[in-house]
Amino acid sequence: MKLFCLFLLLAGSTAAFHLDTSPRREPPTLPSEALTTEATPTEAKSRFAMLDDVRLLANGLLQLGQSLREFVHKTKAQINDIFQKLNIFDRSFYQLSVVTSEIKEEEEELKKTTNILKVNNEEIRNLSMEINTKINTILQERTQLQSKVGSLEERLKGLSDSMIPADQLSEITTLKEVIEAQEKTITSLLKAVKEQHDQLDHQKIKIKNLEEKVDQTIDKAMDSDHSATDMFEYLQINSTGTETRDLPADCSELFTRGETKSGVYAVKPNQSEPFYAYCEISSDQGFTVIQQRVDSTVDFDQTWEMYQKGFGNLEKDFWLGLKKIHTISQLGSYIMRIDVEDWKEEKHWAEYSFSLEGPSEDYTLHLSHLAGDLPDAMTNLTGSRFSTKDKNNDSGCSSDCTTRNCTGGWWQSACSETNLNGKYFSLRTKGRSVRRKGIQWRPGTGPSYYLKMSKISLRALTDSGN
């Protein structure tokens, strides 16, 4: 609207300028004395009017240029934002295509294995039929032998008072030996048939499991394009296939229920909708993992909204989400455990008592050091508010800290260099200024740790204090 008004103003000024400068009829010729005395005021007035028009035109052009300049800056910012979103989309699409390719390769291998097992199953079935035919033949021969033995026994009864001839005695002995041999053969064949049947049952179970696995991989391939966004959404009622009241509040409760395998599970803290979390189950307790970094596949320099919701891959690199972490911390007393590994492949750990305030307080952090071989670098962050690139809640990343580690969302305080959500460098960089912008652990005294892996997890503090 402003531009339209400026164009109208410029058009009016130009028209006035043309009217003033258009050719006019020459007045009658007057004596030089009259021309000298009367034309001077008119010319002066016309000159001043032309100067006002030019000045007005110049001001309009300046305002138009300023508006165009602001419009260009806004357009550039919008284009940069669009390019940034397109880059994120390209990375996500590439990751999904890689996962889909791997799933397709696994599916092809499973199909080949299933076909081989089916061929083996047919061969075993044919062999079993041959064995059954042989057994039937042997049983028939056995019946015939038993009938012969019966007839001989009757003859023996008739000849009980008389002497048995030597040839009949030898025949009876031979028949008994044949019968015993046949019985041994039948016993071994029955044992072989039983083993074949057991192998058939085992093959059938294996084929059934492989078919179920193929179906699961197909379903996984179909749903892979939704997993990146749906995994961090709150679950709808009954979407997990179980009643929400049956879901554990966190991974510590999952462990107390007898679960022994680590993985992604649905949990439902009090006053919260159910959501997925990665549970790490050890021999004596269960941890709810809220952050993990193992490579550079996930960009942790995200907005405030994304850090509240959560992002990444729950089985690899991810941030669970500030809202979910807060609801878990409201269940009771919690221990926060931090595990790290540096580029020398040395592993360290630390534990803190942990609590987190809600969104109205920008998720203010409260903790105190308890144990671990990792030097303390978090206690000085107590009372700090969470900050991201689009919401700076602390002076820790102000203009005098431009060289500090302010990438990625974290609890910033007084230019602290500790940040487990900083930029991930695939190799250990040599420049100190560059390393400061990466994942590092900076204690108050002593050397810094430049990290290739980090993991933050929570476990409930039991009544015994363990």
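Being a predicted model, the structure only gives us computed values, none of them experimental.
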Using modelled atom types only, decide if a donor and an acceptor are shared between the side chain of [X] and the backbone of [Y] within a distance under 3.5 Å.
{"X": "Asp390", "Y": "Trp304", "answer": "yes"}
{"X": "Thr382", "Y": "Leu367", "answer": "yes"}
{"X": "Lys316", "Y": "Val298", "answer": "no"}
{"X": "Ser387", "Y": "Asn393", "answer": "yes"}
{"X": "Tyr265", "Y": "Ala277", "answer": "no"}
{"X": "Thr288", "Y": "Asp250", "answer": "no"}
{"X": "Thr364", "Y": "Glu361", "answer": "yes"}

- Positive for side-chain hydrogen bond (donor to acceptor under 3.5 Å, both in side chains) with Glu280, one of Lys455, Arg459, Gln292, Gln285: Lys455

Thinking salt bridges, do [X] and [Y] make one under a 4.0 Å N-O criterion?
{"X": "Glu108", "Y": "Lys112", "value": "no"}
{"X": "Glu273", "Y": "Lys323", "value": "no"}
{"X": "Lys74", "Y": "Glu70", "value": "no"}
{"X": "Lys85", "Y": "Asp81", "value": "yes"}

Just wondering, do [Y] and [X] contact through their side chains at under 4.5 Å, heavy atoms?
{"X": "Lys389", "Y": "Asp301", "result": "yes"}
{"X": "Gln84", "Y": "Asn80", "result": "no"}
{"X": "Phe386", "Y": "Leu365", "result": "no"}
{"X": "Phe354", "Y": "Ile328", "result": "no"}
{"X": "Met378", "Y": "His369", "result": "no"}
{"X": "Trp411", "Y": "Leu356", "result": "yes"}

- Message: For a side-chain hydrogen bond (donor to acceptor under 3.5 Å, both in side chains) check, start with the C-alpha distance between Ser368 and Ser353, then their side-chain angles and the critical distance, and finish with the verdict.
- Response: CA-CA 5 Å; Ser368 61; Ser353 63; 2.6 Å; yes

Counting only heavy atoms not in [X] (residues, nucleotides, ligands), do more than 12 fall under 6.0 Å from its [atom1]?
{"X": "Glu183", "atom1": "CD", "answer": "yes"}
{"X": "Lys176", "atom1": "NZ", "answer": "no"}
{"X": "Arg69", "atom1": "CZ", "answer": "no"}

- Note on the structure: CZ of Arg442 to OH of Tyr450, rounded to nearest 0.5 Å, is 6.5 Å

- Can you tell me how far the CG atom of Leu420 sits from the CE atom of Met453, to the nearest 0.5 Å? 10.5 Å

- Task: Please determine which of Ile338, Asp373, Val340 meets the side-chain contact (heavy atoms from CB on, under 4.5 Å) test together with Trp349.
- Result: Asp373

- Query: Angle class for the Phe89/Phe93 ring planes (parallel below 30°, perpendicular above 60°, tilted otherwise)?
  - Reply: parallel

- Message: In this structure, is the centre-to-centre distance between the rings of Trp319 and Tyr307 below 6.0 Å?
- Response: yes

Validation: residues 121-132 side-chain donor-acceptor distances under 3.5 Å, sequence neighbours left out:
{"from": "Asn126", "atom 1": "ND2", "to": "Glu122", "atom 2": "O", "distance (Å)": "3.2"}
{"from": "Asn132", "atom 1": "ND2", "to": "Ser128", "atom 2": "O", "distance (Å)": "3.2"}

- Message: Cation-pi check for Phe300 against Arg293: NZ or CZ below 6.0 Å from the six-membered ring centre and within 45 degrees of the axis, yes or no?
- Response: yes

- Hits for side chain to side chain contact (heavy atoms under 4.5 Å, CB included) against Ser360, two or more places apart or cross-chain, chain-then-number order -> none

